[in-house]
Structure formats: C-alpha cells, structure tokens
Amino acid sequence: MTWSYATHYVCDGCAKPFELHRPLNTCPDCGGLLEVRYDLGRMKRELSPGMFASRVPSMWRWHEFYPLRDAANVVTLGEGGTPLIRSVYAGRQLGLPELYFKNDALMPTGSFKDRGFSLAVSFAKELGIKRGLTYSSGNAGSSFAAYASRAGIEAAVLVEYLANPLKKSMIGLYGAHTATLHFESMNDITAMLAEAVQRLGLYQFVNFINPVRHEAMKSYAYEIAQAFDWKAPDVMVHPVGTGGGIWGAWKGFGELLELGWTDSVPRMVAVQPDATGPIVRAFRQGSRTAERYGDSTKTIAQSIAGDAPIQKGERVLSAVYDSGGFAETVTDSEILEAMRWLGNEGIAAEPASAASLAAVKKGVEQGRIRSSDRVICVITGTGLKQPSATQQAVPESELKLNADFGQLSELLAKLWN
Ligand SMILES: *Cc1c(COP(=O)(O)O)cnc(C)c1O
Ligand SMILES: [Zn+2]
C-alpha cells in the first residue's frame with residue numbers, strides 16, 4: 001500500500017518542478033509559491049471512495065492525499081473529522097433548507113488551523129527540522145505551538161499586536177516563544193518573512209510560504225463529499241485571511257472531480273471584513289490580483305483582517321472565479337448578528353468565523369445563493385477564544401434574583417409571557 005501519492009512541487013511562478021523531501025518554503029529559483037502535485041492517475045486506479053469509511057475519524061483518514069511519506073511521523077491531536085451539522089435556525093430564517101455548518105470550532109486548539117499544522121508539523125518532523133517560525137493573528141500560533149511542542153520542534157510565533165490577550169497567552173501555554181508584532185501592513189510582514197527565508201534559511205509555517213499547510217485543508221472537500229455520499233455541495237462559504245483554507249478546500253474538490261469520485265465542484269465564496277477586504281475589492285473590479293486595501297484595526301474579525309494577501313491573492317481569486325463563486329464583505333454588526341444566529345444553532349463562533357454565515361445571508365438577499373442550493377458554512381474558530389466579542393454579541397443579563405420561589409415565579413412570568 002502506498003501511504004502518499006504526492007510526487008513533487010511545482011512553482012506557481014516559473015513552473016519548475018522540485019523534489020518534495022527538501023526543506024523548501026518558496027521557489028529557490030524565482031521566489032514563487034510552491035504547490036504539491038500528486039499522481040492522480042495512479043490514485044484513480046488504486047483507490048476508491050469506499051475504502052476510507054472504516055479508517056480513523058481524523059483528517060489522517062485521507063493520508064494518500066498529503067505529502068507526508070511515513071505514518072510514523074504523524075503528529076496528531078485528533079484534528080479534522082468534525083461534525084457537519086444541518087442548520088435549524090439560520091436556514092429557516094433564510095429559506096435555505098440545505099444549509100450546513102462544518103464545525104471546526106471543535107478542533108483541539110479551537111480553530112481549523114489545527115488541520116494545517118498537524119500536517120505541516122508532521123512534514124517538518126519528517127524533514128528533521130528542529131526550529132520553525134510563523135506569524136499569527138492568534139489561532140495559527142496556538143496550533144503551531146501545540147503541534148510543534150508534541151513534535152519536539154522549537155516554535156517561535158510572532159503574534160499580531162491586534163490579537164487579544166487570551167490568544168497570546170494560549171500560544172505561550174502551548175509552549176512556544178512569542179513576541180508581539182507591530183506593523184503597518186501585511187505587506188511588511190510578507191517582505192520580512194521572505195527575507196528570513198532567503199538570509200536565514202529558516203523554515204516557515206505561514207500559509208503558502210509553507211507549501212504543505214494548506215494541503216490539509218483539502219480534507220474539508222473529502223469529509224463533506226463523503227458525508228453527502230460523494231456529492232459535492234453547491235456552495236462553500238469560507239472566511240478568508242491568507243486564503244489557505246478556501247484554496248485548500250477548492251484544491252480538494254478539484255482532485256475529487258479529477259478522480260471521478262464526484263461530478264461537480266461547489267461555488268467558492270470568499271468572505272472578508274468590510275474594513276479590509278482586498279480580495280473582495282479585486283473581485284468587484286474583475287481583477288485576478290488584489291492590492292493592499294483597508295485598515296486591519298477597524299474590525300472585530302481579527303482572524304481575517306489582513307489588508308494585503310500573499311502573492312496578491314491570486315490563488316484565492318482563481319478559486320472564486322474558476323468555481324463561479326463570489327467574494328463579499330460583511331460589517332461588524334452583521335457579524336455580531338451572525339454570532340447570535342449561530343448561538344441559536346448551538347455553535348459559539350469567533351467573529352471571523354461567523355462572518356461566513358453573515359455572507360450567506362447577504363448572498364441569499366442578493367440572489368447569489370438560491371433556496372435549492374446545498375450550502376456549507378465553515379465554522380473556523382470558537383467564540384471562547386475571543387471572549388470580548390462574544391460578550392459584545394450578547395451582553396450579560398441584568399436580571400437578578402435571590403433564591404426565593406416568589407422571585408423566581410415573578411421572573412419566569414416576565415421572561416415567558
Ligand atoms: C486563520 C483564520 C481564518 C482565515 O483562514 P485563512 O486560511 O488564513 O484564509 C478564518 N477564521 C479563523 C477563525 C481563523 O483562525
Ligand atoms: Zn519558481
């Protein structure tokens with residue numbers, strides 16, 4: 001049995017192939033982004049959709065679709081395989097009977113970043129890497145720190161100054177070195193990291209600069225297609241920061257189509273905050289590249305507040321255009337409403353994550369999402385990690401009582417009449 005069908009990297013910039021099992025970040029020749037390729041022809045002959053159902057319920061069920069060579073190097077906390085929950089509230093409000101939530105708030109460190117870091121850290125371990133660096137708006141740092149600690153890799157995490165204190169503490173709790181990172185624009189961060197690759201040869205875990213992390217996000221496609229008996233949904237809605245999540249899911253759906261296991265792909269919807277949203281601006285202009293835009297400090301959606309995507313957002317924009325999807329922004333007040341709606345579903349999401357539901361609402365109002373569509377909203381992170389926003393969405397009740405039956409019956413009469 002072949003454990004991985006990955007074959008090599010190809011550079012987005014110069015199209016040169018590179019050997020997989022080298023500690024590469026970006027292309028050594030032109031600095032372009034590297035993409036992992038697979039022998040899909042062989043996978044089609046040797047694998048079948050039915051063979052996965054009895055395996056471990058984590059994202060490692062799909063190991064043939066990742067570049068890790070040896071099962072012994074897997075660093076896992078049980079990530080992936082999260083519930084796909086049918087909406088009972090928002091779907092009714094919106095007239096969308098087939099609205100589902102893929103609830104990655106249940107992941108080991110509370111965000112969907114765990115998929116990417118389980119794979120990227122396992123792969124780094126396989127390469128013998130002992131030290132690694134990432135930058136984080138909060139959640140990536142926790143994931144990296146947790147998996148790196150388990151793998152014996154020394155992690156350094158540069159945490160955006162905008163991240164809330166709890167997220168910063170959690171990164172330290174999981175055992176990483178941290179420093180608060182001040183910057184004007186995401187462009188500065190990208191430039192600094194590119195220089196660190198070149199001059200220090202330091203292996204990095206930032207999405208896309210690390211060419212392996214987003215491969216794990218393909219597991220969304222496999223898990224969702226499997227849950228619907230190997231049918232792709234009509235619409236997949238993703239909050240977008242770096243775009244690793246949406247790009248990975250899109251790549252996964254593309255692979256399933258090429259393997260002939262599904263017969264369609266979803267329309268991919270990229271969601272960003274109104275305050276930044278460079279991808280959305282590019283989409284509105286019909287452009288395939290996004291320029292710096294907006295102010296990251298002006299939204300509660302911390303995890304998707306980047307003003308300038310890596311590689312000018314080319315991958316994300318191509319997922320949106322090539323799938324026939326769209327890109328949309330949402331305001332903080334729309335996000336807060338979506339957090340309350342999700343609460344009625346039994347899901348506590350952080351603002352960036354609730355942005356996907358806010359965008360579904362907009363998409364329905366605009367006629368871009370139809371009532372017959374099967375729609376998947378990715379819940380990327382838990383509301384527990386951004387408590388101030390959860391408190392903002394639903395302020396604490398001011399009602400009070402003593403432990404006295406008279407007061408209780410008075411209160412209940414007030415609440416339920
Ligand atoms: C990182 C993050 C995102 C954005 O994901 P990208 O892969 O960077 O586009 C969305 N939601 C949450 C909760 C996140 O932590
Ligand atoms: Zn190149």
Side-chain angles (χ1 to χ4, degrees), residues 9-18 24-35 102-107 109-117 120 134-144 159-160 163-164 167 170-171 186 205-211 213-218 220 237-251 268-273 276-279 299-306 309-311 313 315-316 319-320 327 330 335 339 342 347-357 359 377-386 389:
Y9 290 119
V10 170
C11 172
D12 271 14
C14 67
K16 273 196 200 120
F18 292 94
L24 291 180
N25 278 133
T26 48
C27 174
D29 288 2
C30 79
L33 300 186
L34 299 176
E35 189 69 46
K102 181 67 175 160
N103 191 5
D104 270 21
L106 295 182
M107 295 278 259
T109 76
S111 89
F112 81 142
K113 298 286 196 302
D114 291 345
R115 293 179 193 256
F117 280 103
T134 200
Y135 122 89
S136 175
S137 59
N139 290 329
S142 279
S143 282
F144 179 42
V159 194
E160 276 187 10
N164 71 66
K167 282 185 175 172
M170 290 201 58
I171 299 167
M186 275 292 297
F205 291 82
V206 177
N207 259 336
F208 297 145
I209 292 174
N210 182 296
R213 230 180 97 183
H214 66 268
E215 291 298 304
M217 309 317 292
K218 300 189 300 185
Y220 276 143
V237 187
H238 257 278
V240 168
T242 62
I246 193 171
W247 173 248
W250 171 239
K251 185 175 180 183
M268 305 300 287
V269 177
V271 187
Q272 296 197 300
T276 52
I279 297 282
T299 174
I300 53 169
Q302 287 169 354
S303 303
I304 51 170
I310 289 167
Q311 198 207 27
R315 286 179 172 179
V316 181
V320 171
V330 290
I335 287 173
M339 287 173 73
L342 284 168
I347 296 171
E350 70 161 69
S353 175
S356 59
L357 178 57
C377 234
V378 181
I379 304 302
T380 48
T382 174
L384 294 175
K385 273 212 205 155
Q386 205 177 326

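Position 1 is the first residue of the sequence; numbering continues from there. Excluded from the calculations below are hydrogen atoms, water molecules and symmetry mates; all remaining heavy atoms, backbone and side chain alike, are included. Whatever order the structure lists them in is the order used to number ligands and atoms, beginning at 1.
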* Pair E215 + R115, salt bridge at N-O below 4.0 Å -> no
* **pair K251-E35: side-chain heavy atoms closer than 4.5 Å** => yes
* Structure fact -> Listing protein N, O or S under 2.8 Å around the Zn ion (ligand 2) gives C11 SG, C14 SG, C27 SG, C30 SG
* When you look for protein heavy atoms under 4.0 Å from ligand 1, which residues do they belong to? -> F112, K113, N139, N207, P239, V240, G241, T242, G243, G244, G245, S303, I304, E350, A352, T380, G381
* For residues Q272 and P278, determine if any side-chain heavy atom of one lies less than 4.5 Å from a side-chain heavy atom of the other. => yes
* To do: Nearest 0.5 Å please: distance from the OG1 atom of T380 over to the OH atom of Y220.
  => 6.5 Å
* Asked: Is it true that K113 and D104 make a salt bridge, defined as a side-chain N closer than 4.0 Å to a carboxylate O?
  -> no
* Asked: Does any N or O in the side chain of S142 come within less than 3.5 Å of the main-chain N or O of N139, such that one atom is a donor and the other an acceptor?
  -> no
* What pair of heavy atoms forms the shortest contact from N210 to H214, and how long is it? -> O-ND1, 4.4 Å
* To do: Please name the residue in the list I335, L357, I246, I304 that meets the side chain to side chain contact (heavy atoms under 4.5 Å, CB included) test with P239.
  => I304
* Checking K385 side chain against T109 main chain: does a donor-acceptor pair fall under 3.5 Å? -> yes
